[in-house]
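Notes follow the structure.
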Amino acid sequence: MNSISKYFKDMFGGISSLWAGMRVTGKYFVSPRAIVTQQYPENRATLKMEERFKGEIIMPHDENNLHACTGCGICEMNCPNGSIEIITNRVPNAEGKMERIIDKHIYHLSMCTFCGLCVKTCPSDALAFGQKFEHAVFDRSKLTKVLNQPGSSLRKEAKK
Amino acid sequence: MTPNLYDFSTLTGAIHEWLSGMMSPGWVTFTELVLIGLLFLLFFALLGLFLVYLERKVCAIIQNRVGPNRVGKWGLLQTIADLIKLLIKELIPIRKSDKFLFNLAPFIVIIASLMAMAALPFAKGLQAIDFNIGVFYVMAVSSLGVVGILLAGWSSNSKYSLIGAMRSGAQIVSYELSVGLSLLAIVVFSGSMQLSTIIESQADGWWLFKGHIPAFIAFIVFLIASTAEINRGPFDLAEAESELTAGFHTEYSGIKFAFFFLAEYINMFIVAAIAATVFLGGWMPLHIGNWEGFNQVMDFIPSIVWFFVKTFFIIYVIMWFKWTFPRLRIDQLLTLEWKYLLPVSLVNIVLIAFLVLMGWHF
Amino acid sequence: MTEEIIKDVIIGESEDYIINVGPQHPSTHGVLRFEVCLQGETVKYLIPHIGYIHRGIEKMCEAITYPQIIHLTDRMDYLSAHINNEAVCLCVENALQVEVPERVKYIRTILAELNRLASHQLWWSAFGMDLGALTTFFYGLRDREKILDIFEESFGSRLLHSFVMPGGLMHDVHPNFQKGIKEFIKYFRKKLPEYDQLLTGNVIFHQRAKGIGLMSKETAIAYGVTGPSGRGSGWSCDIRKIAPYSAYDKVQFNECLETEGDTFARYQVRMREMHESLSILEQLVDNIPEGDYTAKMKPIIKLPAGEFFQRVETARGELAVYIVSDGNKSPYRIKFRTPNFSNLFVMNTITSGYKIADLVAVSGSLDLVIPDIDR
């Protein structure tokens, strides 16, 4: 008798547990407002990435086309993957001394793992993370970027 | 009481008259066969595409997603794009497979579901063939599909496929019993196996309501068993993508895969249509006792709308099952059938026979 | 059993039905291959084959400096990336005898718990999907997204955030950090009952999980199955309790233990851990002390010569870091004892004799992350 009552108890308990699950999915079926998907290419205009989003490494330039990179090479040294190459020139400055200036700050986006060490360790805060994330290109060589803009030069700041 | 509006027999009769005026009776029959065959094929393809779309939309909304929304308005053309993709895909030949059976299997599966569709009453007067053993015919034909599944699994020369096919065989053979017994419940109530008679007998109320609790139990058993019979979740052991990748159709590609896929959805439509016909009155409008006004309003809705609304409701319930429950294991699947569904339906049928004998049903 | 395996596989005289589950298979969650010997539907034995995603992380670490190692540890157990980072940082800090500020400890603990929650949510999603309940996947991911949003706001990346540095943090957390966590706790407390209704209480799920993949406490200890999988067998192996690190000695929480040792017990441990993590977060989030986000560190970190060891509790078990240093700025040898490696090899013992569908359930309940196995 006990086993018979267990048989029916199992059956009805099972059905009620299934119904509990169906209530959850049924609830979401009738509430389309619960949809969480973002319509990506359509929402481009309103899509704001977080301010700290690590999309790519950029070198911020101001309106006079000046940047802060001295070409010291610390970012190149700290990069674990070798995605940064720095080419410097030696040119005489106003006082006639030879001074190191940055020629090309080459950044291989294809090798970057976005660990953030270059941005963190840069002594002059010349690097930053950009918010752009649409990096798909047809040619891999396009992922190798020169971060300092042509014609740009080092921002001369008043010594603190 | 029975609605005379929207009777399709006037339309079909007129076509028959028109054809008879042009050619001899033999040719008329032949032309009508070809016409109906073509119509069914067209309906079959469109319905399959629509059901795939519907399934994707329903599951998307259940899962808090949007679902297909890129191709066409609301993604309506998505499945057509998929079909074109499937049509132009390469049919990969499998080494050491049984070529003949491998190619035959999808056709058997799809023919079985196409044949079952012939007996479905879509609306008043819209039924290709009204057998006097309609219920029996549909059941017999729809279970032919398992042959195709077994062949597919066997001939693919793939271990996953074979396991899937064997599971499917065991599953469909078992669940056939419960499907039969639950349909038998209504056959006992209405006293006929002819689908049109079963529908007529529901003019004053659907069997689900008229048949007291036993009819309700039979309905539940039918829903569960038929979900299992069409290999859908939570009984999709034959495909079980987390265990067997794709089960019996692992090795199929392109249009041959599309056939299996289409047949699965058409089978879902067929079981939903049978459930709607047998338990929910088919194309018969909702009539409640003596509410004459209400009944007349209901009569104004065309019978074909009634049929499709009921069918799609059941299809939705079957989809709801699939997107809620985890999959059963093969031994649990058989336990469910032999230890729960079968005894319940056997007791149920005795109960119904008793009810009918005493004349206690409406 | 062993003779049979030798006969079947090594000599190749097998007449059994051997199928390869993986390396491309929906339920192995990565490039893992099980060579499964079947008798009908029943698993006779199983041989895991690993190494498909071996990248030599330990060897690579010998060539780079300590701060650079952090970002490689992300890529081991990518679902508890923060906890991996923390393990290396703690080891380096121990070696250097650096006392990190309280604020750092608190934030690290919060991040570890958030990461554990995110990992358990993904596990729940994938486990449901392994069992065929496809909707769980989306519900789990939907809720995990909220945690990833918190991560993105503070660290700029969602999955592999190398946010911890030896000595502290990369930078301070976002001003919205606490607010976001509080909102998440409120949200997730509402969603957790749904998880229970959908899967935990489900009769089909009970059938699939109860009594399947039995692992005794002895087996768990013998194979070194740690984390929720080991605790499901009643082995008290929570490093957060045994050897508290960061701020774990300042919070009240229960070690979730189940004694059955089956798939359902492992499931229950993880579900209860989610509640525990939420309560840990609640205790910490309002009490983050003010202060510096990093200790004073030298620009180039050189460990003193010697051997250093640190273990932490990731979402999957015990992660141990063992560093041998010769005084240089990169380690002489670094060894990671990853939890999944041990957890994987118990598979043969606990799945033989069950059905092939149970194999999927058991491997789902162990919550394997393949890159963590291969490294």
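These numbers were taken from a predicted model, which means no experiment stands behind them.
- Rounding to the nearest 0.5 angstrom, the gap separating the CZ atom in C:R270 from the CH2 atom in C:W124 is 14.5 Å.
- Interface check for chain C: of the options A:L18, A:I74, A:T37, the most heavy-atom pairs under 4.5 Å are formed by A:L18.
- Contacts with chain A were tallied for C:H206, C:M165, C:M60; C:M165 has the most, counting heavy-atom pairs under 4.5 Å.
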*With ring-ring contact (aromatic ring centres under 6.0 Å, His included) as the test, would you mind laying out the steps for C:F188 and C:Y195 before giving the verdict?*
CA-CA 10 Å; C:F188 194 53; C:Y195 286 24; 5.7 Å; yes
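- Looking at A:H67, its side chain never comes within 3.5 Å of a backbone N or O of A:M59 through a donor-acceptor pair.
- The existence of a salt bridge linking C:K146 and C:E152 is excluded, since no basic side-chain nitrogen approaches an acidic carboxylate oxygen closer than 4.0 Å.
- Proximity to chain A (any heavy atom under 4.5 Å) is shown, for C:R158, by neither the backbone nor the side chain.
- Most heavy-atom pairs under 4.5 Å with chain C: of the set A:L117, A:V36, A:T113, this distinction falls to A:T113.
- Per-residue counts of heavy-atom pairs under 4.5 Å with chain C were compared for A:C79, A:G55, A:G13; the largest is that of A:C79.
- Contacts of C:T135 with chain A are made by side-chain atoms alone, with heavy-atom separations under 4.5 Å and no backbone atom involved.
- Using cut-offs of 30° and 60° for the angle between ring planes, the C:H171 and C:F163 rings count as perpendicular.
- Proximity to chain C is limited to the side chain of A:E51, based on heavy atoms less than 4.5 angstrom apart.
- Highest contact tally toward chain A, considering only C:S154, C:S157, C:A63, is held by C:S154 [criterion: heavy-atom pairs under 4.5 Å].
- In terms of heavy-atom pairs under 4.5 angstrom with chain A, the leader among C:A133, C:G156, C:G201 is C:G156.
- Side-chain contact check for C:N202 and A:S17: no donor-acceptor pair (N or O, by modelled atom type) lies under 3.5 Å.
- Taking C:E145, C:H174, C:H161 one by one and counting their heavy-atom pairs under 4.5 Å with chain A, the maximum is reached by C:H174.
- C:D143 and C:Y187 get closest at one heavy-atom pair: OD1-OH, 2.7 Å.
- By number of non-hydrogen pairs under 4.5 angstrom with chain C, the leading residue of A:F53, A:W19, A:Y28 is A:Y28.
- For a residue to count as touching a neighbouring chain, one of its non-hydrogen atoms must lie under 4.5 Å from one of that chain's; by this rule C:Y139 touches chain A with the side chain only.
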*A:E56/A:I58 under side chain to side chain contact (heavy atoms under 4.5 Å, CB included): CA gap, chis, key distance, verdict*: CA-CA 6 Å; A:E56 59 177 343; A:I58 52 168; 3.8 Å; yes
